[in-house]
Visitor: 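Have a look at this one before I ask anything.
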Amino acid sequence: MKSSSYDILVVGAGHAGVEACLATSRLGLKTLLLTSSLDHISFMSCNPSIGGLAKGHMVRELDVLGGQMALAADQSCIQFKRLNSSRGPAVRGTRVQSDKHEYSRYMSEILRSQENLELLAADVAEVLIEREVAKGVRLRDGSEIFARKVILTTGTFMNGILHLGLNKTSGGRVGEKASVGLSDQLRSLGFEVRRLKTGTPARLLKESIDWSQTIPQAGDERYIPFSFRSPSQLRLPQILCHLSHTTEETHEIIRRNMHLSPMYSGQIEGTGPRYCPSIEDKISRFADKLSHQTFLEPEGLNTDLIYLQGISTSLPAEVQLEFLKTIPGLQNVQVARFGYAVEYDYFEPFQINHQLETRAVRGLYFAGQINGTSGYEEAAVQGFLAGVNAARSTLEMPEFVLGRDEAYIGVLVDDLITKGTKEPYRMFTSRAEHRLVLREDNVLDRLAKSSAEIGLLGDEAKSLMNLSLERRALLRRELESRRITPKEETQKWLIQKGSSPLLKSASLEEILRRPELSFRDLGDWLDLGETPELDQESVEIEIKYKGYVKRQMELIEAARRMDSLSLPETLAFSEIYGLSQEEKEKLTKVRPKTLGQAARISGVNPSAIQSILVYLKGHRKKISSLEMPPE
Amino acid sequence: MYSGDRDSLTICAVSTPPGRGGISVIRVSGPLAGSMLTKTLRPAPFNLTSHKSYYGHFVNPEIGQPVDEVLISFFQKGRSFTGDEVIEISCHGNPLICDEILATLSLLGCHSALPGEFTYRAFMNDRIDLVQAEAVLGVIEGRSQKGVQKALRYLGGELSSRISLLSGELTKVLAHVEASIDFSSEGLETLSAADLRLRLAGFLGEIEALVSGYDRGRGLKDGFHGLFCGAPNVGKSSLFNLMVGEERSIVTDTAGTTRDVVEGEAFYNGSRFCLFDTAGLRSETLDQIEILGQDRVWKHLPRMDFAFYVVNKTAELSLEDIENIQKILHLKIPLMILRNKLDHGPFRETQESVAGSFVPVLQSSARNPAFRDFLWSSLESHLRLANVEDEALVFSARQRESLTIAAKALKEALQMADEKLGSEFLALPLMEALKSLHELLGMEFDDAVMDRVFQEFCLGK
């Protein structure tokens with residue numbers, strides 16, 4: 001047994017746990033990472049890819065703040081795509097296919113070489129709690145490890161049950177045992193525990209697929225690394241994915257065997273994600289669709305396994321095999337591992353605060369699927385935030401919280417603790433009311449200050465960041481000051497570009513604002529040199545959509561006013577005159593930290609906000625930073 | 001913007017107690033209050049002095065039409081009841097005029113005040129103490145608990161179902177817009193740009209039709225339409241002449257003198273009334289012209305805002321009378337029965353059960369000029385009950401505001417579509433429009449759009 005006292009204990013080495021322990025150890029705190037299997041660090045249990053819309057945004061945000069995920073994704077990238085790159089300028093999102101083994105290997109190596117961090121394979125049986133403060137954990141073998149903070153990132157392992165057909169077995173992931181006892185202990189302490197369900201498709205053997213019947217799908221030509229710290233060149237060779245589709249025969253087989261699906265037999269109680277339904281679900285809910293597409297994605301460069309995106313299922317193995325063979329290209333398919341569903345415990349997230357610390361037990365933090373989310377990216381950013389806040393609390397530094405107007409990460413946490421979730425929560429761009437401002441291209445502008453506040457980036461990264469910020473500033477100045485005049489040559493150029501001639505001289509910024517012209521067209525006037533793509537994009541969007549972005553900023557200001565009114569922690573909502581019973585109950589449950597958060601709770605009316613203000617003013621409570629509306 | 005943040009808005013409402021008074025006062029509170037005065041008062045004052053009143057005509061600056069003769073008092077910020085900059089518009093105590101003034105203010109950027117909101121502001125700005133404010137909190141409490149039912153009650157069945165339908169359709173379109181952003185790589189069949197434009201234009205048309213159709217300020221511009229009907233020779237024409245103040249219809253003792261519809265105009269309390277005298281209703285006539293005249297009664301009736309059914313004071317209601325009254329009630333037209341030919345007062349109004357409904361009955365005299373005022377005031381109060389009950393007035397102003405906001409947002413979305421801006425831009429005004437409709441319906445705006453995305457599209461990774 002190593003030393004049995006640490007600053008921080010992190011339970012679980014998935015995407016949340018890894019970011020959590022890296023953050024705490026890098027902030028100088030002695031950290032122990034506990035996981036049931038050291039072979040599955042940062043393991044991609046489902047699809048072998050990182051990012052996507054809104055998710056990609058979070059990965060980039062995490063990168064600027066000093067997280068690891070973006071670097072790991074770049075390191076293991078075997079196909080790169082920028083979604084919506086030809087459409088909405090404000091909603092472009094990065095997604096990479098990863099070599100999942102390389103991803104995991106890279107992260108293990110990072111962990112093993114990290115100072116202040118120790119790893120231990122062990123099963124955690126319970127959290128040691130004394131007078132409502134977490135003190136450490138007790139392992140299955142009875143030994144105790146003490147720490148000042150405990151971060152739980154248990155993924156799908158808490159009371160996990162795997163479903164394959166009508167067979168169910170205890171487990172957190174195929175081949176790995178579940179974590180039993182932890183959620184029961186916390187439930188007995190009054191935590192509200194619920195069930196969620198998620199599923200994964202079959203993994204196929206590469207050689208058994210007839211690729212000629214599928215449509216190859218290449219990644220983008222142009223690579224923009226996830227991390228601003230990564231080299232601009234790809235490290236690994238790039239692969240193709242392939243597209244195929246289900247047939248009427250596939251659907252017929254599934255329909256015939258629907259009674260063998262644990263979802264439909266009523267065996268699964270947990271709620272599954274609507275954005276990621278099983279193939280059984282798709283076929284019964286969209287009966288008129290005769291075919292569903294599926295992407296065949298390699299799990300890595302040196303593996304024989306193919307992930308079958310879009311066909312997650314928990315039907316019995318023999319049914320899976322039967323219907324898979326009706327998909328073009330899969331007539332002779334061999335299955336390495338069948339799809340299955342997993343049901344697991346999560347804690348209703350209104351039980352944690354913005355720092356992801358539980359309200360009931362101080363020093364205990366939850367991050368990842370334990371809070372009802374789904375997705376590697378959602379988990380990683382929570383792990384990071386929990387780690388940073390656990391560390392800051394240990395070091396007696398002020399909390400670190402991101403606003404809804406600063407980052408998708410802020411939206412995620414605020415949504416969870418204000419609205420809770422009934423299905424696995426995934427980030428969408430539509431969840432962010434300030435979508436036009438929360439873009440991938442401007443993460444540096446948005447988060448440089450927050451990053452400095454956390455202090456995780458090294459000098460090299462900081463100078464890269466400043467360089468980029470300076471480049472943008474320079475570009476903006478150039479565009480503003482450089483003018484073109486209505487010379488014959490200029491007019492010809494404009495007409496040739498499909499634009500209209502000038503009436504008087506104009507700055508390049510004004511020219512760029514014309515919808516028909518883009519940054520690339522300005523190349524004749526402006527030496528863009530080595531200016532990276534994202535820097536150009538950022539400045540271009542700012543200029544082109546100035547009016548809309550400005551309006552969004554005004555709304556942000558208005559929202560900030562509400563969010564700057566903090567509510568005292570001891571506020572007794574039940575005493576406030578003018579609140580309905582429903583409002584009292586909801587406010588008491590969520591315990592909003594600010595008036596803005598209170599207004600976002602569903603079922604709380606604008607009049608309730610006024611009642612709270614009247615109460616606060618009337619009772620002249622001492623309220624930190626409570627500003628009254630202007631006289 | 002979060003709906004809770006109202007403190008920077010300029011709010012307005014009728015602040016005199018409900019019920020009929022000679023004068024109504026509309027209070028406007030907030031940063032735009034002073035500019036409301038200069039924008040709507042003609043002649044417009046050069047500068048504003050606190051605690052001073054300005055006399056003139058209130059006009060809707062967009063169409064330049066005067067609404068009423070008014071006196072507007074100005075109170076500067078910090079020296080008013082609420083603590084905000086405030087104006088108080090004193091106008092004639094006619095609910096239709098108040099309605100028109102509120103609509104104009106809303107057009108210029110004011111928002112309808114929530115019940116108790118003036119007092120709320122006064123308290124927050126230290127103008128009154130908690131004891132005074134607490135009385136108002138009761139109002140706020142009632143609002144939060146009954147708001148939804150109230151909103152729906154005043155919305156009326158047909159209107160609310162049209163708006164529900166519209167908000168459902170808009171949710172669906174927005175679901176397409178959102179799905180095209182968040183699930184762009186899933187090969188979904190979302191609305192094409194052209195279809196989207198078409199749908200939005202359709203919504204806009206529908207909302208604009210609702211606003212204009214719903215505009216009960218109509219009474220001010222076109223007048224209320226009302227009709228006299230009943231059996232022959234009961235005195236319809238005499239009452240009609242009394243109301244329009246001149247001998248428009250020929251009056252004789254012969255039954256069936258009036259054979260066509262006669263039209264007259266009258267003004268009362270600033271509102272215009274179009275009155276119609278009609279042929280007597282009797283089934284046993286063989287006179288072709290008389291039969292045609294009777295047909296016209298039934299053709300005119302559905303377009304009326306109210307109807308008088310005139311009967312003889314002495315006679316019992318005939319079976320035919322009861323049938324006719326039933327038919328009119330069935331058309332949902334506010335109806336008053338006038339028991340005519342009572343030459344001397346006292347005039348009084350009672351409720352009588354006719355054909356299973358309670359109908360107001362007035363003892364009336366066409367020959368007594370004093371009856372004229374009695375009938376007018378009685379009519380006005382019935383129209384008010386049927387149409388413009390004070391509380392309904394408040395709701396109607398807010399409802400119109402919601403519809404106007406939705407229309408404005410849809411226009412902006414259409415313009416964005418013309419400029420070929422991406423879905424993420426269009427989504428902003430569309431969301432605003434939808435929120436506004438939800439507010440009107442008293443619905444919580446939540447995850448409706450994403451719920452619709454999952455219903456509408458087969459997603460799945």
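Reminder, nothing fancy here: chain letters follow the sequence lines and each chain counts from 1. Computed from heavy atoms alone, side chains included, the values below leave out hydrogens, waters and symmetry copies. The shown structure was predicted, so the numbers you read here are calculated from the model rather than taken from an experiment.
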Visitor: Quick check on A:Gln217 against chain B: is it the side chain, the backbone, both or neither that has a heavy atom closer than 4.5 Å?
Guide: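 For A:Gln217, no heavy atom lies under 4.5 Å from chain B.
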Visitor: For residues B:Phe75 and B:Phe81, establish whether the separation of their ring centroids is below 6.0 Å.
Guide: no
Visitor: Which residue is it: A:Ser278, A:Pro277, A:Ser284? I am looking for the one with a side chain to side chain contact (heavy atoms under 4.5 Å, CB included) to A:Glu280.
Guide: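 Of the listed options, the one satisfying the test is A:Ser278.
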Visitor: Taking the basic N atoms (NZ, or NE/NH1/NH2) and the acidic carboxylate oxygens, is any pair closer than 4.0 Å for B:Lys77 and B:Asp84?
Guide: no
Visitor: Any side-chain to backbone donor/acceptor pair from A:Glu440 onto A:Thr94? Under 3.5 Å, distance only.
Guide: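 The answer is yes, because a donor-acceptor pair under 3.5 Å joins these two groups.
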Visitor: Counting only non-hydrogen atoms closer than 4.5 Å, does A:Arg285 touch chain B with its backbone (N, CA, C, O), its side chain (CB onward), both, or neither?
Guide: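 When you check distances to chain B, only side chain atoms of A:Arg285 fall under 4.5 Å.
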Visitor: Using heavy-atom distances under 4.5 Å, tell me whether A:Phe428 contacts chain B through its side chain, its backbone, both, or neither.
Guide: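 When you check distances to chain B, atoms from both the backbone and side chain of A:Phe428 fall under 4.5 Å.
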Visitor: Going by heavy atoms in the side chains, are A:Tyr425 and A:Ser374 under 4.5 Å from each other?
Guide: no
Visitor: For A:Asp414, is there an ion pair with A:Lys419 - N to carboxylate O distance below 4.0 angstrom?
Guide: no
Visitor: With a 4.5 angstrom heavy-atom cut-off, which part of A:Glu582 approaches chain B: side chain, backbone, both or neither?
Guide: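 Contact with chain B involves no heavy atom of A:Glu582 at all.
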Visitor: Please list, in residue-number order, every residue in residues 407-418 of chain B that has a heavy atom less than 4.5 Å from any heavy atom of chain A; write 'none' if there are none.
Guide: B:Glu412, B:Met416
Visitor: If I measure from the heavy atoms of chain A, does B:Glu178 come under 4.5 Å with its side chain, its backbone, both, or neither?
Guide: side chain
Visitor: Going by the rule salt bridge (Lys or Arg N to Asp or Glu O under 4.0 Å), which residues pair with A:Arg431 if we only count those two or more places apart in sequence or in a different chain?
Guide: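 Salt bridge (Lys or Arg N to Asp or Glu O under 4.0 Å) list for A:Arg431, sorted by chain: empty.
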Visitor: Examine distances only and state if a side-chain atom of B:Thr171 and a backbone atom of B:Ser167 form a donor-acceptor pair shorter than 3.5 Å.
Guide: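 Flag set: sc B:Thr171 to bb B:Ser167 pair under 3.5 Å.
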